[in-house]
Number of protein chains: 2
Amino acid sequence: MGTQDTDVEEPRLAAADIGSDVGLLLAKLHAAGSVLNNRALKEFGLKERSFSILTLACSGLEPTQRELADFLSLDPSQIVSLVDELEGGGLVERAAGKLDRRAKIVVATPEGRKTHTKARAALVECEHRQLAALDGAEVSELKRLLRKALWDA
Amino acid sequence: MGTQDTDVEEPRLAAADIGSDVGLLLAKLHAAGSVLNNRALKEFGLKERSFSILTLACSGLEPTQRELADFLSLDPSQIVSLVDELEGGGLVERAAGKLDRRAKIVVATPEGRKTHTKARAALVECEHRQLAALDGAEVSELKRLLRKALWDA
DNA sequence: TATTGTTATACTCTATAACTATA
DNA sequence: TATAGTTATAGAGTATAACAATA
């Protein structure tokens, strides 16, 4: 996003009713977090997107590219280039689907797992900093509400 | 975002630990909301961004373009074209800053106020649908936590 | 006929730097 | 010298359609 502001106090304009607009609050918090996350992931050659795919490739769930696209809310064609990138770096591999030979399962290599472990630790640190104003219970509650809004619809 | 999915049940991949990743949850909920919001705003010739500016232009706070850029986490150059667009549609006007003649204050026209009222009603409806799984107290708590994370840092 | 992955293309959004006018 | 607004441009991200292989 344009300005990687670190709003450290409530700005004057937050008094407008749009200061309670869920869409804007989500956009701002997400944008601020993305800057932190992508900066932290740079040393591993990753971005938020590729990290998400790597995580799922490490999960043991054996996701197909189609599942990745659905879950990450990305277009299948975007998954192709992201997986290409990870595969080029030796972090994941494409395996043939067991039941459906059209489908390709994305699995992490041993090196991918090592990179993921380190990258994940860096992101946990980012999340701590981003949500520093919230205590442990509040962080849990925030996650619960976000998950509920997304998946209990 | 790629696929404007309407996740109506928790997908298989949500079991991975990334299903609790705040960054991903924020991205997904924000993206899903943007699709709804922009679709609803289309009939008014607005998008999320231009609606935000129109709202602040209606607020009585007399924001300068610089303040809009800071508050909306957008680059000043992006504000220029968004305000151009709104001004071209007759919804806002640029007024000279009172203390600083460099600064330009963005204020809504009477027509801008009328459009804003109608657009806002449409967005309230979108927010209701997007957060349908949450009760009133949970919506308030979600907003409180988001605001706190952003501005109590 | 429908779906998975792929490629290609056009479009929007974002980031950056330079310029002007005021301060 | 610094700041508000503007302009221009390159890059990243997104949306869309078409195609081959498989179901």
Side-chain angles (χ1 to χ4, degrees), chain A residues 1-5 27-28 30-35 37-39 41-42 45-53 57 62-88 92-107, chain B residues 1-5 23 27-28 30-32 34-35 37-39 41-42 46-53 62-88 92-107:
Chain A
M1 213 161 234
T3 59
Q4 57 270 60
D5 53 324
K28 279 180 73 72
H30 172 236
S34 284
V35 171
N37 291 337
N38 285 324
R39 196 179 291 158
L41 288 171
K42 199 159 195 173
L46 296 170
K47 295 188 180 181
E48 277 191 321
R49 299 276 163 71
S50 43
F51 172 78
S52 296
I53 292 180
E62 303 198 330
T64 66
Q65 292 190 186
R66 169 64 55 172
E67 286 180 302
L68 291 172
D70 289 342
F71 181 64
L72 299 174
S73 302
L74 296 174
D75 195 81
S77 63
Q78 298 176 259
I79 301 291
V80 172
S81 46
L82 288 165
V83 173
D84 281 350
E85 212 179 291
L86 289 167
E87 200 172 34
V92 306
E93 283 173 348
R94 281 182 242 239
K98 282 149 190 167
L99 300 169
D100 186 337
R101 274 189 301 172
R102 286 175 306 182
K104 295 183 185 169
I105 287 167
V106 181
V107 289
Chain B
M1 214 158 234
T3 60
Q4 59 273 57
D5 54 324
K28 280 180 72 72
H30 172 236
S34 285
V35 171
N37 290 338
N38 284 324
R39 196 180 290 158
L41 288 171
K42 200 159 194 174
L46 296 170
K47 296 187 180 181
E48 277 191 321
R49 298 274 164 71
S50 42
F51 172 79
S52 296
I53 293 178
E62 304 199 329
T64 65
Q65 293 190 187
R66 168 64 56 171
E67 284 180 304
L68 291 172
D70 290 342
F71 182 63
L72 299 174
S73 302
L74 296 174
D75 195 83
S77 63
Q78 297 177 258
I79 301 292
V80 171
S81 45
L82 288 165
V83 173
D84 281 350
E85 213 179 290
L86 289 167
E87 199 172 35
V92 306
E93 284 174 348
R94 280 182 242 238
K98 282 149 191 165
L99 300 171
D100 186 337
R101 274 189 302 171
R102 286 174 306 181
K104 295 182 185 171
I105 286 167
V106 181
V107 288

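Throughout, a chain's letter reflects where its sequence line sits, starting with A, and its residues are numbered from 1.
Here the C1' atom of nucleotide dG5(C) and the CD1 atom of Ile105(A) are 14 Å apart, to the nearest Å. The nearest whole Å value for the distance from the CD atom in Gln65(B) to the P atom in dT3(D) is 18 Å. Atom CZ of Arg66(A) is separated from atom P of dA21(D) by 18 Å (rounded to the nearest Å). A straight line from CG of Leu74(B) to P of dT6(D) spans 15 Å, rounded to a whole angstrom. In this structure, His30(B) atom NE2 and dT14(D) atom P are separated by 11 Å, rounded to whole Å. With rounding to whole Å, Ile53(A) atom CD1 is found 12 Å from dG5(C) atom P. Rounded to a whole Å, the CD1 atom of Ile79(A) is 11 Å from the P atom of dT14(D).
In terms of the side chain to side chain donor-acceptor pair (under 3.5 Å) criterion, Ser81(A) has no residue partners (sequence neighbours excluded). Listed by chain and number, the residues in a salt bridge (charged side-chain N to carboxylate O under 4.0 Å, His left out) with Arg101(B) amount to none (sequence neighbours excluded). For Lys47(B), the side chain to side chain contact (heavy atoms under 4.5 Å, CB included) partners are Asn38(B), Ser50(B), not counting sequence neighbours. The side chain to side chain donor-acceptor pair (under 3.5 Å) check on Glu93(A) picks up nothing, with sequence neighbours excluded.
The stretch residues 92-102 of chain B touches DNA chain C through Asp100(B), Arg101(B), Arg102(B), each having a heavy atom within less than 4.0 Å of the strand.
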*Sugar-phosphate atoms are those with a prime plus P, OP1 and OP2; base atoms are the rest. Using that split, label each nucleotide of nucleotides 7-13 of chain C B, S or - for protein heavy atoms under 4.0 Å, 5' to 3'.*
BB----S
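In this structure, Val106(A) and Leu86(A) have side chains that are not in contact, with every pair of non-hydrogen atoms separated by 4.5 Å or more. Residues Gln65(B) and Val80(B) form a side-chain contact, since some pair of their non-hydrogen atoms from C-beta on lies under 4.5 Å apart. Side-chain contact between Pro76(B) and Arg66(B): present, with at least one pair of heavy atoms (C-beta onward) separated by less than 4.5 Å. For the pair Thr64(A)/Lys104(A), no side-chain contact is recorded, criterion being any heavy-atom separation below 4.5 Å from C-beta on.
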